[in-house]
Asks: 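Encoded as structure tokens, here's the structure I'll be asking about.
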Protein chains: 2
Amino acid sequence: MPPAVMPKEEVLRILAREFRIWGYDGATLSRLSQATGLVKASLYHHFPKGKQDMAQAVLDYTLTQMAEQVLAPLRKPVAVDWLVKELCVNLAAFYNNGQLSCLVDVFSMGSAKAVVGDQLKTGLALLQSEIAALLVRGGFNETTAQTRAEHTLVVIQGGLIVARACDKPEVFLNQLNALPHQLLAPVT
Amino acid sequence: MPPAVMPKEEVLRILAREFRIWGYDGATLSRLSQATGLVKASLYHHFPKGKQDMAQAVLDYTLTQMAEQVLAPLRKPVAVDWLVKELCVNLAAFYNNGQLSCLVDVFSMGSAKAVVGDQLKTGLALLQSEIAALLVRGGFNETTAQTRAEHTLVVIQGGLIVARACDKPEVFLNQLNALPHQLLAPVT
DNA sequence: GTCTATACACCGATAGAC
DNA sequence: GTCTATCGGTGTATAGAC
């Protein structure tokens, strides 16, 4: 009987989890091998350039997931107020209620930055512009929309960091709860 | 002539810089050795348990610096509004205008968490309680003060992450600029 | 307190069988 | 597509001279 073939998407999910826990430099091939159940040589079959390829593929996969699960819903023809709240719900789910580190954090540090830094910048910019577009739809001017979208990114990242450092995922959820009010408040 | 003795504080400053750039797992002894100008054996003289001791000492040193440069000024007998603004100025200086990663981020990931995680939690809790105390002095109730202090931590961490990921330190400064208004807004 | 020299485990990476 | 086996390099850590 030939060895079971692991679906690539499952491999990517596991790799993503490891990178989020250990960071790029801390995620050794041994750990990645053990976590996936594939020996190092098998990983190199899927990712010829090793960890660099893995990080790129993981980031690619995760950005796609984000686009599908968090960004796409924002384009629905529904009241903006409602969509902002849905955004927060989807963000909570995406980060497993504050229990997952974000790749924006993990991949902007140490050796990872040279490997996937540009890809990361693009992804972040897209996220910001999509949120800003939503706020423009909600009647805010471009400047306000951009500022508040940027603040949203900050709150997501900061919420996840503080939640992780304190072992209190609620911190992230609290921030998400407060977000709609901040995003939708009238300009003074 | 005996080799020049490097002051321990200078060593700690350099180690802190390396940990902030590379993270705990990415900061190898070779890098730390090169950055300090001390060979590995010399580092082990100062820090018998190696990287673990270095991380603890660096965190200790940095928390002290934070207490002196950011927290102590908050106790001055001056208007709270003024102190909140001074807090933001001092935070900007402490993080070199958004160009430095925070150890809260760096040391809550990967192997570092097992080494200095508890120390980190204590430091974060202190920072939050000092900011909350300031807001209580400003007339806010305990709950509001705690919530806003937590939000402050979130904005600091998030601002630094986004600034780092985008290579735009301004993001952090923008967040600090907006902070006094958020902290001092009347409760609705 | 700093150095040279060294030990040995683990890292990333590759060759080649099935 | 997965495996076993192996390589050179680097990682952490220590012994001992000055």
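Naming: A, B, ... by sequence-line order, numbering from 1 per chain. Any value given below was found using the heavy atoms of this structure, including those in side chains, with hydrogens, waters and symmetry copies removed. Keep in mind that what you see is a predicted model, and the values were worked out from it rather than measured.
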Asks: dT10(D), OP1 or OP2 - any side-chain N/O from Ser30(B) closer than 4.0 Å?
Replies: no

Asks: Name the orientation class of the two ring planes belonging to His151(B) and His151(A) (parallel below 30°, tilted from 30 to 60°, perpendicular beyond 60°).
Replies: tilted

Asks: So which heavy atom on Ala149(A) is nearest to which on Leu135(A), and how close?
Replies: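 It is N-CD1, 4.2 Å.
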
Asks: Whole angstrom is fine here: how far is it from CG in Leu43(B) over to P in dC3(C)?
Replies: 9 Å

Asks: Between His46(B) (NE2) and dA13(D) (P), how many Å, whole number?
Replies: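 My rounded result for the distance is 17 Å.
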
Asks: Polar-atom pairs under 3.5 Å, protein N or O versus N or O of nucleotides 14-18 of chain C: list them with distances, or write none.
Replies:
none

Asks: Side-chain N or O of Thr28(A) less than 4.0 angstrom from OP1 or OP2 on dC10(C)?
Replies: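 No, Thr28(A) has no side-chain N/O under 4.0 Å of OP1/OP2 on dC10(C).
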
Asks: Tell me whether the rings of Tyr24(B) and Phe19(B) are parallel (<30°), tilted (30 to 60°) or perpendicular (>60°).
Replies: parallel

Asks: Taking atom P of dG11(D) as reference, at what distance in whole Å does atom CD of Gln34(B) sit?
Replies: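 Distance check: Gln34(B) CD to dG11(D) P gives 11 Å.
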
Asks: About how many Å separate CG of Leu124(A) and CD of Glu150(A), when rounded to the nearest 0.5 Å?
Replies: 10.0 Å

Asks: Could you please name the option among dC3(C), dG12(C), dT2(D) that lies closest to any side-chain atom of Leu29(A)?
Replies: dG12(C)

Asks: Between His45(A) and dC3(D), is there a contact of a side-chain N or O with OP1 or OP2 at under 4.0 Å?
Replies: no

Asks: Round to a whole Å and report the spacing from NZ of Lys51(B) to P of dC10(C).
Replies: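 Result: 15 Å.
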
Asks: Could you tell me how far apart Glu10(A) (CD) and dG1(D) (C1') are, to the nearest whole angstrom?
Replies: 16 Å

Asks: Please state whether the phosphate of dC3(C), meaning OP1 or OP2, lies under 4.0 angstrom from any side-chain nitrogen or oxygen of Ser42(B).
Replies: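 Answer is yes, contact under 4.0 Å.
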
Asks: In whole Å, what is the span from the CG atom of Leu32(A) to the P atom of dT2(D)?
Replies: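 To the nearest whole Å, that distance equals 15 Å.
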
Asks: In whole angstroms, how far is the P atom of dC11(C) from the NZ atom of Lys49(A)?
Replies: 23 Å

Asks: Do Lys113(A) and Phe107(A) form a cation-pi contact, if we require the NZ or CZ to be under 6.0 Å from the six-membered ring centre and within 45 degrees of the ring's axis?
Replies: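 Lys113(A) over Phe107(A) ring: no.
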
Asks: Test of understanding: with salt bridge (Lys or Arg N to Asp or Glu O under 4.0 Å), list the residues that count as partners of Glu10(B), not counting sequence neighbours.
Replies: Arg13(B)

Asks: Rounded to the nearest angstrom, tell me the gap between atom CZ in Phe47(A) and atom P in dG12(C).
Replies: 15 Å

Asks: Considering residues at least two apart in sequence or located in another chain, which fulfil the side-chain contact (heavy atoms from CB on, under 4.5 Å) criterion with Val136(B)?
Replies: Glu142(B), Ala145(B)

